[in-house]
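If you're wondering where the values come from, they're calculated on a predicted model, not measured in any experiment. Numbered from 1 within each chain, the chains take letters A, B, ... in sequence-line order.
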There are 2 protein chains.
Amino acid sequence: MNASRAPVRQSSVRAHNLALVLQTVANSANRPSRAAIAAATGLTRATVSALVDDLVAGGLLAELDPAPRTGAGRPAAGLALSPDGPAGLGLEINVDYQAACVVDLTGAVRHRFVARGDQRLLSPADALAALDDLATQARATAEADGLVLAGAALAVPGLVAPGDLVRVAPNLGWLDVRVPEMAGLPVTVDNEANLAALGELRADGAEPTFLYVSGEIGIGAGIVLDGELYRGGRGWSGEIGHVTVYPDGRPCRCGSSGCLEQYAGQEAVAADPDLAAAALGIALSAVVNLLDLGVIVLGGGYAPEFARLRSGIEAELHRRVLTAGLAPVTLRAAGLGSDAAMRGAADVVIRGVREDPAGWLAQAV
Amino acid sequence: MNASRAPVRQSSVRAHNLALVLQTVANSANRPSRAAIAAATGLTRATVSALVDDLVAGGLLAELDPAPRTGAGRPAAGLALSPDGPAGLGLEINVDYQAACVVDLTGAVRHRFVARGDQRLLSPADALAALDDLATQARATAEADGLVLAGAALAVPGLVAPGDLVRVAPNLGWLDVRVPEMAGLPVTVDNEANLAALGELRADGAEPTFLYVSGEIGIGAGIVLDGELYRGGRGWSGEIGHVTVYPDGRPCRCGSSGCLEQYAGQEAVAADPDLAAAALGIALSAVVNLLDLGVIVLGGGYAPEFARLRSGIEAELHRRVLTAGLAPVTLRAAGLGSDAAMRGAADVVIRGVREDPAGWLAQAV
DNA sequence: TCGGATTTGTTTATTGGTTGAATTATTTGG
DNA sequence: CCAAATAATTCAACCAATAAACAAATCCGA
């Protein structure tokens, strides 16, 4: 089951090794030489040279001055991701704003656009038309900069079906909305918390496995396992907001009662931070008991309240996580703020290029 | 991050395609011909022939009479997993018994040994010595049958560290017990619920993604995602028994209060099935909200009580799962009974051979 | 200042593995 | 009994990685 169901031919070998070289460069702090890449990957210098040539010719890698080195020997050519390579268009629609950003292959945010305004007042079609305008503006600005966009991804606060269909976005009032092309680019749509988690993953010092919890009006979570987003069987994982905390507690708009959202949603946090922390702690304990995650990142509206929430959450974790005595659970605030989802969306696009450079090179002839 | 960090050479291509061919045969209901494998995998008939030759020579595949076919043309040679190929030794230690079984490459149970007796009365060393005797007996019987054992795996009701170290097995009274070789074979140790989930996966008509819940004295769960067991960051996933159901409820021996185990453990089910069903439903709703699993399998002590528990669980699921209206959650009883963990352990071994036949062929020269 | 040591990067012949086309093998049906 | 059909094998071509030799560019010590 595990082994991917596809045959492998020689070209797949090349595709894999191209990706391997590109990722090695991406994960290097300094600018590695071809020889350094060969040492890091286990490939031959000759092979690395050939692969690097392809990547440089395709505009994915750039040859720069080498990292200064001491000692004898021919000086190396430094390699780095090309800032002029394909870029990603990250989009977001949330309750009170729309946003777009352009992130280049190196991960740098090149352009950023935000249009404030209550999206609930617009029909889905009108909201998407406005977003298309924003996206088109972003694309034009990017192209004036010499950037080619490899694709677009959109973050929405709701349940998304595989592809481009928003099944339900309760806080936007959307139901079964299909997302069209944006700025002439195909769009990948995903849940806001999922993409924010990916954004956090790219941030500095990020762990490869963690739970990202986003506390807005609703509460969502993104589960990142070993650098990969876990989306669940139908793409609807991470609905922590409707995990039951107090079985006979407050009724929830979802029809259930005692949902976390009723105790740790935006208003609840403002009204009683201690209650919110306890409820969060109970729900997070369940996550850790089930998934054995060592790191929890609090984002969205929780980040500014982190200091006030922390000890209450940790008390419950300590009490309710079975393995708390064997290994600690680390709690920290998100670093990216409200841009996380949009950044994560753009990351999805450039991650696609980084993971399959051969595909990009082939289609970008 | 995703792309495995290893270079790929031509031999990796062959290794992958060998596994692909073997899995294709394994997943075929009938006995496929080389031509059928080629059609199914996308490889050339010439390539498939070469790969099959290796697998037959290595004793992994057997050529049999073809599946009857009508029409003209040269008759095909039918291929199937060889029942004489490498077999797996599955072991289990539980509170009141030890067990061992030999499963051949086709998945058939060839031999089965059970030794009843309260394991809590024995020291870990004595229990393991007794298990070694049972394993040696199983190995001897298997070898008399012409079977070669590819390895062994052991199921224990507790938390296992990567490798062979049992950190805690509360119901056995074990703490930091290292498991030695059994019958001269290296042993992979894993949690009982995890392995039972894998056993269930192999069973007839199994879904590739599901949650397996095992209700013994404690309650454990195995999370199977797309045919793969999810073990968590440290291998301690699935501790559903200590998910909080009623935050201020009954105190638990783990130090917390309101754990599922207090409401749906073996005694609790006997005392009040309705309470157990409600508590299970609440905890399972949390799992589905977090992981978006469409199938839940109730095993261990829950299987015989399934009829009595079902409606109570489903009521809570219906009420508390956010996406219940969009897609159903299926509940079913496990099919394998108390052998599931032991079978799953043996499956781990033969799964290793099936997923890396090249490795097996190389070491079995 | 020059020549060896050293490290980087490229060239070339070899090897391993898949492909595609042609070939052989074995059956059914007219 | 021969044509059609299907299965499996053989063989030349191709692609990609490897290993080893070679070229390039620097440092360092005499």
Side-chain angles (χ1 to χ4, degrees), chain A residues 6-21 24-25 28 30-57 61 63-79 357-358 361-362, chain B residues 6-21 24-25 28 30-57 61-80 357-358 361-362:
Chain A
V8 167
R9 54 203 88 246
Q10 285 96 324
S11 63
S12 325
V13 172
R14 191 160 191 86
H16 178 104
N17 286 339
L18 277 170
L20 181 61
V21 167
T24 302
V25 175
S28 287
N30 42 21
R31 299 169 181 170
S33 65
R34 290 165 172 78
I37 296 170
T41 59
L43 294 165
T44 321
R45 290 205 309 272
T47 305
V48 170
S49 267
L51 294 167
V52 164
D53 285 352
D54 276 13
L55 293 170
V56 169
L61 286 184
E63 241 174 353
L64 302 166
D65 294 340
R69 182 182 51 78
T70 158
R74 169 176 171 176
L79 294 165
L361 295 179
Chain B
V8 167
R9 54 204 88 242
Q10 283 98 321
S11 63
S12 325
V13 172
R14 190 158 192 87
H16 177 104
N17 286 340
L18 275 170
L20 181 61
V21 167
T24 302
V25 175
S28 287
N30 43 21
R31 299 167 180 172
S33 64
R34 291 164 170 78
I37 296 170
T41 58
L43 294 164
T44 322
R45 290 205 305 274
T47 305
V48 170
S49 266
L51 294 166
V52 164
D53 284 353
D54 275 14
L55 292 170
V56 170
L61 286 183
E63 243 173 350
L64 302 166
D65 294 339
R69 182 183 50 80
T70 157
R74 169 176 170 176
L79 294 166
L361 295 178

By side chain to side chain donor-acceptor pair (under 3.5 Å) - contacts of A:D54 (at least two apart): A:R14
Which residues satisfy the side-chain contact (heavy atoms from CB on, under 4.5 Å) test with B:A38, sequence neighbours excluded? B:R45, B:V48
Results of side-chain contact (heavy atoms from CB on, under 4.5 Å) for A:A15 - residues two or more places apart only: A:A358
Spacing of B:L79 atom CG relative to D:dA7 atom C1', expressed in whole Å: 12 Å
What residues, two or more places apart in sequence or in another chain, satisfy side-chain contact (heavy atoms from CB on, under 4.5 Å) together with B:S49? B:R34
Holding to side-chain contact (heavy atoms from CB on, under 4.5 Å), I want the full list of residues that pass it with B:S11, two or more places apart in sequence or in another chain. B:R9
Sugar-phosphate atoms are those with a prime plus P, OP1 and OP2; base atoms are the rest. Using that split, label each nucleotide of nucleotides 9-19 of chain C B, S or - for protein heavy atoms under 4.0 Å, 5' to 3'. BBB----BBSB
